[in-house]
There are 2 protein chains.
Amino acid sequence: MTATRTHPEVAPHESKAKLLNAALYVIRARGYSATRVEDICESAGLTKGSFFHHFKGKEDLAVAAAEHFSAMADGLFAQAPYRSLPDPVERVLGYVDFRKAILLGDLPEFTCLLGTMVQEAYETHPRIREACDRYIASHAHAVAADIAAAMAARGLHPNLNIDWTAESLAFYTQAVIQGSFVLAKAQRNAAVSADCLDHLRRYLEQLFRPSQSQTGPSPSA
Amino acid sequence: MTATRTHPEVAPHESKAKLLNAALYVIRARGYSATRVEDICESAGLTKGSFFHHFKGKEDLAVAAAEHFSAMADGLFAQAPYRSLPDPVERVLGYVDFRKAILLGDLPEFTCLLGTMVQEAYETHPRIREACDRYIASHAHAVAADIAAAMAARGLHPNLNIDWTAESLAFYTQAVIQGSFVLAKAQRNAAVSADCLDHLRRYLEQLFRPSQSQTGPSPSA
DNA sequence: GACATCATACCGACTGGTAGGTATCTTACG
DNA sequence: CGTAAGATACCTACCAGTCGGTATGATGTC
């Protein structure tokens, strides 16, 4: 079955990666609490012996899965085509377009592990909550960097007319995405997520639209 | 509802209501799967005997709790002051302001039971998913009614320049709210929710801002 | 109004399956 | 051989759901 063992150089911890990838899908489908470690083992084609060799326990797996998910996402967005757009405003809009483009397949394939887990675990599993918070914030921070550049490119600076920051707008994009996943799960249909991203794009377009009165009557401090 | 008693003035099924109210808080804190029926009984000051007298099982409680939550929310919004604003645009913005105003107390006191449950249960508990979907859609529909009136008041009609509908915008508001709760749970702080509602308000303000080029050059079809 | 009857509400000990975690054994590899 | 990886069997706590029982109060009948 796991005859890949004859090629040790392939991956240092191939089984651990299998368990983590299995966890990504199963937890996003069933939630953290309802997921049994045997479900994950089954999905990974391994047994509990292997599982408890690599992880201290279920909570430990959840924290590792959150990190794994975050690393996968970082790689995905780093390689995305929109990253090479020269205009930072276009990069911000390209991010939204890309998020819309990856709404493919079943819900557990594109929804967010972090948002799924933190809803159940925020009160009862501090370590899981902290991990989810950290990686969500990390992703938001990356988005905020483009937003900050876009603001600079359009001459937008927080003042009396701009009472929002790059950080708050970045978190807003994440709220829209997370919330759109909640609705998609309720409806068993990702179409609502795409509609939400259209609204988000419209908001961003207008925030960064040139030659509005947004820079205020006296941009100089 | 179940007024089989000949003395309906005595609270009918006070214990059932206690269990439902307990469920609202406990499930929003711990999530559906991790909540034990004994947790709910304890919180309600009752025993499992009473619980299983009133509900067929845990899933049955979840569905009833969803309906109960929806009914409570309907009452809350129906009585809210913004409801009596004459301008429908002001009612739409007042809705957002009201949602921001009720971000009080601990997270389980103001977050959404429907969004919490549907994330864990959408794949494994069809009846819970359907209930959450139904009541979220019902609330969104109520918001959409004000939005439709606001569009009419501003002369906005879906055309080449308005490629969104009252329904899609209403679901967008719900996505923002749901997502803001996810972030608030991750951060253990509702401040991010308030910031998100500020962004949402800004978007709505601008969609309904009078005398923009939004009605398009040729509003006639 | 007294009594029998019946339904509703509620209690709490018990059970049986489940699932997280452990202990032990086998195998592969350097 | 020693260590890491993984399989199998097992243990134990937990928890949804059951079941026999009690209390209360409504209803019917004489």
Side-chain angles (χ1 to χ4, degrees), chain A residues 1-23 26-27 29-65 117 120-121 124-128, chain B residues 1-23 26-27 29-65 117 120-121 124-128:
Chain A
M1 186 175 290
T2 54
T4 52
R5 198 119 300 291
T6 50
H7 293 281
E9 69 235 56
V10 171
H13 295 298
E14 195 186 338
S15 292
K16 186 166 185 174
K18 270 189 199 170
L19 288 165
L20 285 171
N21 285 322
V26 178
I27 294 177
R30 301 211 215 293
Y32 171 72
S33 295
T35 294
R36 303 175 305 148
V37 326
E38 286 200 58
D39 289 334
I40 292 166
C41 295
E42 231 169 274
S43 175
L46 293 164
T47 61
K48 284 170 66 169
S50 178
F51 180 93
F52 282 99
H53 177 76
H54 291 291
F55 302 102
K56 285 195 181 87
K58 190 179 169 183
E59 180 177 302
D60 191 48
L61 165 81
V63 173
M117 287 201 301
E120 321 179 47
T124 47
H125 294 78
R127 291 180 56 233
I128 296 178
Chain B
M1 184 185 294
T2 53
T4 56
R5 324 265 287 178
T6 51
H7 290 274
E9 62 240 48
V10 181
H13 292 115
E14 193 184 338
S15 294
K16 188 167 184 174
K18 268 189 200 168
L19 288 165
L20 284 172
N21 284 322
V26 178
I27 294 177
R30 300 210 216 297
Y32 170 72
S33 296
T35 294
R36 302 174 305 145
V37 327
E38 287 201 62
D39 289 334
I40 292 166
C41 296
E42 233 169 273
S43 175
L46 294 164
T47 62
K48 286 173 71 171
S50 179
F51 180 93
F52 282 99
H53 176 74
H54 291 290
F55 303 102
K56 284 197 182 85
K58 191 179 168 183
E59 181 178 301
D60 191 48
L61 165 80
V63 173
M117 287 201 302
E120 321 177 47
T124 49
H125 294 79
R127 292 179 57 232
I128 296 178

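Values below: every heavy atom of this structure, side chains too, minus hydrogens, waters and symmetry copies. By convention in this document, chain letters (A, B, ...) are assigned in the order of the sequence lines, proteins followed by strands, and residues within each chain are numbered from 1.
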Exercise. NZ of B:Lys48 versus P of D:dG20: gap in Å, rounded?
Worked result: 16 Å
Exercise. Between atom CG in B:Leu19 and atom P in C:dC11, what is the gap in whole Å?
Worked result: 9 Å
Exercise. What is the distance, rounded to the nearest whole Å, between atom NZ of B:Lys18 and atom C1' of C:dA9?
Worked result: 13 Å
Problem set entry | Cation-pi geometry met for A:Lys16 and A:Phe55 (6.0 Å, 45°) | yes
Seminar exercise, completed: B:His54 NE2 to D:dG17 P, in whole Å, measures 17 Å
Problem set entry | Atom-to-atom span, CG of A:Leu46 to C1' of C:dT26 - whole angstrom | 16 Å
What pairs of donor and acceptor atoms, side-chain ones from residues 56-64 of chain B against any protein atom, are under 3.5 angstrom apart with sequence neighbours left out?
unit_1  : atom_1 : unit_2   : atom_2 : d
B:Lys58 : NZ     : B:Tyr32  : O      : 3.2
B:Lys58 : NZ     : B:Ser33  : O      : 3.2
B:Lys58 : NZ     : B:Thr35  : O      : 2.8
B:Glu59 : OE2    : B:Arg127 : NH1    : 3.1
B:Asp60 : OD2    : B:Lys56  : N      : 3.1

For this session: Starting at atom OH of A:Tyr32, determine the distance to atom P of C:dA19, rounded to an integer number of angstrom.
Result: 14 Å
Exercise. Which atom names give the shortest non-hydrogen contact between B:Ile40 and B:Ala22, and what distance separates them?
Worked result: O-CB, 3.7 Å
Problem set entry | d(CG, A:Asp60; P, C:dT22) in whole Å | 12 Å
Problem set entry | Side chain of A:Phe52 - closest among C:dG21, D:dG17, D:dA7 | C:dG21
Exercise. If every non-hydrogen atom of B:Val37 is compared with every non-hydrogen atom of B:Phe52, which pair is closest and at what distance?
Worked result: CG2-CE1, 4.1 Å
For this session: With heavy atoms under 4.0 Å as the rule, sort A:Thr35 into base, sugar-phosphate or nothing.
Result: sugar-phosphate
Exercise. Rounded to whole angstroms, how far apart are NZ on B:Lys58 and P on D:dG17?
Worked result: 8 Å
Exercise. Between D:dA7, C:dC10, D:dA5, which one does the side chain of B:His53 approach most closely?
Worked result: C:dC10
Seminar exercise, completed: Side-chain atoms of A:Arg36 come closest, of D:dG6, C:dG20, C:dC10, to C:dG20
